[in-house]
Amino acid sequence: MTATETPIIERGNVDSTPRPPAIIVDQLTKRFGDFTAVDHVSFTVPRGSIFGFLGPNGAGKTTTLGVMLGLIPATSGTARILNFDIHTQLPEALERTGAMVEKPALYPYMSGRDNLRLWAYLAGIDDETRVERALAEVDLTQRADAKFGSYSTGMKQRLGIATALLRDPELVILDEPTNGLDPAGQREIRALIRRLVRDGRTVILSSHLLYEVQEICTDVAIINHGKMIASGKMADVLNTRDSIEIRVDRPDDALPFLQQIPNVEDVALVDGLMVVTVDSSHTGPINRKLVEAGFDVTELRPRQRRLEDEFLTLTGTAKPEGSPDDSD
Ligand SMILES: Nc1ncnc2c1ncn2[C@@H]1O[C@H](COP(=O)(O)OP(=O)(O)O)[C@@H](O)[C@H]1O
Ligand SMILES: [Mg+2]
């Protein structure tokens with residue numbers, strides 16, 4: 001490795017040259033004995049994205065993140081973090097990355113601030129302003145002198161995230177950060193993640209909660225049984241099948257009418273609304289046919305296929321909702 005091979009890329013860089021993705025994972029594989037926990041996983045995390053790493057419990061999310069961070073040796077494959085190869089340039093990658101993959105050890109009898117000071121000391125960070133900055137970023141300045149043991153679950157989790165922010169990292173990797181939190185605590189974490197990205201960072205958020213990923217992520221990778229199922233821009237992963245929603249005055253008559261139109265793949269009546277699966281280029285002609293046949297069309301719009309449907313179709317998981325985590 002030479003210094004010339006490892007360009008230092010800073011946040012806020014206004015250089016016109018396109019910057020490499022925050023992360024490129026390439027055919028990463030991890031076997032535990034005969035069991036393949038991560039099976040040739042590849043995905044790319046664009047700079048400045050909130051990247052959802054979505055999969056049911058046991059899918060291989062933590063193992064993948066652990067391998068990327070050098071906590072678990074890879075069986076094969078590689079990854080580049082901020083353009084540094086994890087096999088040959090891990091220290092350079094980790095210097096610019098903040099991660100919370102396992103719950104950090106924090107002392108209940110010490111204040112939040114003193115816990116962070118200790119972390120900073122152990123990490124060799126002697127800049128006291130970093131502790132204060134991290135406290136502010138997780139919105140704990142007001143409660144920094146209270147004992148960690150007196151914190152709510154959400155506050156404890158936020159202080160854990162603060163440990164990952166001490167180095168002012170470009171990239172933040174959070175493994176299921178909302179696990180065990182009530183809806184208010186989950187919202188606070190989402191607000192925190194949005195702030196981190198607004199400040200120019202890239203955030204990876206692993207989750208088994210669809211609604212969470214749907215709500216804040218710009219990009220997504222779905223993993224199940226150690227295998228990559230889909231990845232890309234959220235909108236692309238959402239819109240894998242075109243359909244339109246149509247509201248008409250006589251839905252029971254419109255249903256058989258629509259079914260006999262060529263190009264219409266499927267029609268379903270959902271709460272009085274027709275959901276018509278058809279290439280979006282046929283939207284206009286379908287509208288015209290309905291009107292010509294005497295139907296009163298009051299609403300017609302493209303339907304975003306919910307990631308939840310996608311997730312269910314792709315993983316076959318029967319437990320899509322935010323069911324409490326029972327593993328990890
Ligand atoms: N050290 C290990 N030894 C053997 N199997 C493991 C080990 N760590 C994880 N696994 C298995 O690998 C699979 C993926 O686990 P994990 O990465 O923790 O999934 P997730 O984080 O998506 O819930 C699970 O079946 C888990 O039991
Ligand atoms: Mg996990």
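Each ligand, and each atom within it, is numbered from 1 in the order the structure gives. The first residue in the sequence is number 1, and the count goes up from there.
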TODO: Check the surroundings of atom OH in Tyr107: do more than 12 heavy atoms from other residues, nucleotides or ligands lie under 6.0 Å from it?
DONE: no
- [ ] For ligand 1, find out whether one of its N or O atoms is nearer than 3.5 Å to an N or O atom of Ala37.
- [x] no
- [ ] Kindly confirm or rule out an N or O of Gly60 lying under 3.5 angstrom from an N or O of ligand 1.
- [x] yes
TODO: Taking the six-membered ring for Trp and the full ring for Phe, Tyr or His, determine whether the centres of Phe295 and Phe257 are under 6.0 Å apart.
DONE: yes
Task: Crowding at CD, Glu215 (>12 non-hydrogen neighbours, <6.0 Å) - done: yes
Task: Distance-only N or O hit between ligand 1 and Phe32, under 3.5 Å - done: no
TODO: Kindly determine whether Glu188 and Arg158 satisfy salt bridge (Lys or Arg N to Asp or Glu O under 4.0 Å), including the steps that lead there.
DONE: CA-CA 9 Å; Glu188 281 166 3; Arg158 277 173 12 239; 2.7 Å; yes
TODO: Taking only heavy atoms of Asn57 into account, list the atoms of ligand 1 that are under 4.0 Å away from them.
DONE: 23 (O)
TODO: Run the contact test for Gly55 against ligand 1 with a 4.0 Å cut-off on heavy atoms, strictly below, and give the result.
DONE: no
TODO: Using a cut-off of strictly less than 2.8 Å, determine whether Thr62 has an N/O/S atom near the Mg ion (ligand 2).
DONE: yes
Task: Interfacing atoms of ligand 1 (cut-off 4.0 Å, heavy-atom, Thr62) - done: 17 (O), 18 (O), 20 (P), 21 (O)
TODO: Could you tell me whether Lys61 and ligand 1 have an N or O pair separated by under 3.5 Å?
DONE: yes
Task: Contact (N/O only, under 3.5 Å) between Thr64 and ligand 1 - done: no
- [ ] Not counting sequence neighbours, list each pair that qualifies as a side-chain hydrogen bond (donor to acceptor under 3.5 Å, both in side chains) and has a residue in residues 139-155.
- [x] Arg113-Asp145
TODO: Measure from the side-chain N and O atoms of Thr36 to the backbone N and O of Asp39, and report whether any donor-acceptor pair falls under 3.5 Å.
DONE: no
Task: Parallel, tilted or perpendicular, as decided by the 30° and 60° cut-offs, for the rings of Phe43 and Phe51 - done: parallel
